[in-house]
Amino acid sequence: MDVANKSTVCEFVLLGLSNSWKLQMFFFVVFSVFYVATMVGNSLIVITVIADSHLHSPMYFLLANLSIIDMSLASFATPKMITDYLTGHRTISFDSCITQIFFLHLFTGTEIILLMAMSFDRYIAICKPLRYASIISPQVCVALVMVSWVVGVMHSISQVIFALTLPFCGPNEVDSFFCDLPVVFQLACVDTYVLGLFMISTSGIIALSCFILLFNSYAIVLVTIKKHSSKGSSKVLSTCTAHFIVVFMFFGPCIFIYMWPLSSFLIDKVLSVFYTIFTPILNPVTYTLRNQEVKTAMRKLNNKLLNSNKIMPLHYF
């Protein structure tokens, strides 16, 4: 029989995080709150950056795009998981499973490149301030965002093509709350050792290499900042610290999962929660609570909306 004809599985069963009804209700409440907070927080960042002319700079342009990606990353699987806790319907069609794999790698791949672009922006701003305006122009910012999406699409397509070549002929229980290659390829009717090596070479090593580059970049920036003791340096230090928190929380789980694709499913599930549910909310938390410019712009926007609402009823008399 031809290998391609062995793919008889038409749907998968997502086992989720727990079989306990009480834990499922707990996860439903917690993840619902986190999802709503992620969408609201990141939406506010995007709206604030667009509405306030003082934030029309490369750093905030990249930040707004990061918020868009974080909202997308939080939405590719979390709403279905939340719904499944209520309905008890844990199955997902083969096509939908492949779609989740596509969007997961699209958004994570895009975010990796965008985080590197943000690191490059901070590096130029701190280490080459006199050349910043000429190097980080609006056109360069748009190009960096476009490149991040192109790389994300290319990486995602490669993962989907790989997944579509796998033969599935029996087991269909995915030990996670969404579809991803490390858990799905375990169900394939082929030797998973070679698949594990492919996973490490295409995702794990790439993520690790990008993290090392980002770490070195921020290390150089922090050393440069340490040479100065002005108020402005303190502000830049706070911004870079916020950037690195997001980078570490995003890359840490990704590196572990894809560098050790045959590791414990329990550990993988816990780490998956971090970069698909918790990390997207770090963006509004770290960039709003630690950034005075963003907080000031949000207060101005809030006051503007409140004043407009007070004036509106006058037009009806």
(request) Begin from the C-alpha positions of Phe120 and Ser217 and carry the test side chain to side chain contact (heavy atoms under 4.5 Å, CB included) through to its verdict. (result) CA-CA 8 Å; Phe120 176 69; Ser217 174; over 6 Å; no
(request) Go through Phe177 and Val273 one step at a time and tell me if the side chain to side chain contact (heavy atoms under 4.5 Å, CB included) criterion holds. (result) CA-CA 9 Å; Phe177 60 94; Val273 170; 3.7 Å; yes
(request) Evaluate side chain to side chain contact (heavy atoms under 4.5 Å, CB included) for Phe61 paired with Val142, printing each intermediate quantity in order. (result) CA-CA 9 Å; Phe61 173 75; Val142 173; 4.2 Å; yes
(request) Run the numbers on Ser43 and Val40 for side chain to side chain contact (heavy atoms under 4.5 Å, CB included), then give the verdict. (result) CA-CA 5 Å; Ser43 296; Val40 172; 5.8 Å; no
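Residues Ile281 and Tyr35 are not in side-chain contact: their nearest non-hydrogen atoms beyond the backbone lie 4.5 Å or more apart. Side chains of Asp180 and Gln100 form no contact here, defined as non-hydrogen atoms less than 4.5 Å apart. Asn42 has its side chain out of reach of Val46: every pair of non-hydrogen atoms, C-beta onward, lies at least 4.5 Å apart. Looking at Ile98 and Leu164, their side chains come closer than 4.5 Å, going by heavy atoms from C-beta outward. Residues Ile277 and Met81 form a side-chain contact, since some pair of their non-hydrogen atoms from C-beta on lies under 4.5 Å apart. Using a 4.5 Å cut-off on side-chain heavy atoms (C-beta onward), Phe251 and Cys210 make contact. Residues Thr99 and Phe76 form no side-chain contact, since every pair of their non-hydrogen atoms from C-beta on lies 4.5 Å or further apart. No side-chain heavy atom of Thr78 sits under 4.5 Å from any side-chain heavy atom of Phe178.
Ring geometry, Phe211 versus Phe248: the interplanar angle falls from 30° to 60°, so the pair is classed tilted.
Applying the disulfide (SG to SG under 2.5 Å) test to pairs two or more places apart or on separate chains, none has a residue in residues 113-168.
A pairwise comparison of heavy atoms in Ala163 and Ile101 identifies CB-CD1, 4.4 Å as the closest pair. Heavy atoms only, all atoms of each residue included: Leu214 and Leu115 are closest at CD2-O, 3.6 Å. When all heavy atoms are compared, the tightest approach of Leu62 to Met118 is CB-CG, 3.7 Å. When all heavy atoms are compared, the tightest approach of Val183 to Asp175 is CG1-O, 4.3 Å. Minimum interatomic distance between Glu111 and Ile69 (heavy atoms only, all atoms of both residues): OE1-CG2, 3.5 Å. Of all the heavy atoms in Leu44 and Thr48, the pair that sits closest is O-OG1, 2.6 Å.
The hydrophobic clustering, which links ILVMFWY residues whose side-chain heavy atoms are closer than 4.5 Å, places Val160 and Leu181 together. There is no path of hydrophobic side-chain contacts, each under 4.5 Å, that joins Leu15 to Phe28. Follow the hydrophobic side-chain contacts under 4.5 Å out from Met39 and you reach Phe107 in the same cluster. Cluster membership check: Val13 does not share its hydrophobic cluster with Leu187, using side-chain heavy-atom separations under 4.5 Å among Ile, Leu, Val, Met, Phe, Trp and Tyr. Cluster annotation: Val30 is connected to Met249 through the hydrophobic network of ILVMFWY side chains, with a link wherever side-chain heavy atoms come within less than 4.5 Å.
Rounding to the nearest 0.5 Å places CG of Leu222 at 12.5 Å from CZ of Arg122. Here the SG-CG distance, from Cys189 to Leu166, works out to 9.5 Å after rounding to the nearest 0.5 Å. Atoms CG and OH, from Asn65 and Tyr60 in turn, are 15.0 Å apart once rounded to the nearest 0.5 Å. Expressed to the nearest 0.5 Å, how far CD1 of Ile50 lies from CG of Leu55 amounts to 11.0 Å. Considering CG of Leu104 and OG of Ser72, their distance stands at 12.0 Å, rounded to 0.5 Å. For the atom pair NZ (Lys80) and CZ (Arg90), the distance works out to 10.5 Å, reported to the nearest 0.5 Å.
Surrounding OH of Tyr123 are at most 12 heavy atoms belonging to other residues, nucleotides or ligands under 6.0 Å away. More than 12 heavy atoms of other residues, nucleotides or ligands shown are found within 6.0 angstrom of CZ on Phe278. Environment of NE2 in His54: sparse, with no more than 12 heavy atoms of neighbouring residues, nucleotides or ligands closer than 6.0 Å. When the shell of 6.0 Å around CZ of Phe274 is examined, it contains 12 or fewer heavy atoms from other residues, nucleotides or ligands.
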Between side-chain atoms of residues 145-156 and protein atoms elsewhere (two or more places apart, or another chain), which donor-acceptor pairs fall under 3.5 Å?
| unit_1 | atom_1 | unit_2 | atom_2 | d |
| --- | --- | --- | --- | --- |
| Ser148 | OG | Val145 | O | 2.5 |
| His155 | NE2 | His105 | ND1 | 3.1 |
| Ser156 | OG | Phe102 | O | 2.4 |

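Residues that satisfy the disulfide (SG to SG under 2.5 Å) test with Cys97, not counting sequence neighbours, are Cys179.
Between the side chain of Asp121 and the backbone N or O of Ala117, no donor-acceptor pair lies under 3.5 Å.
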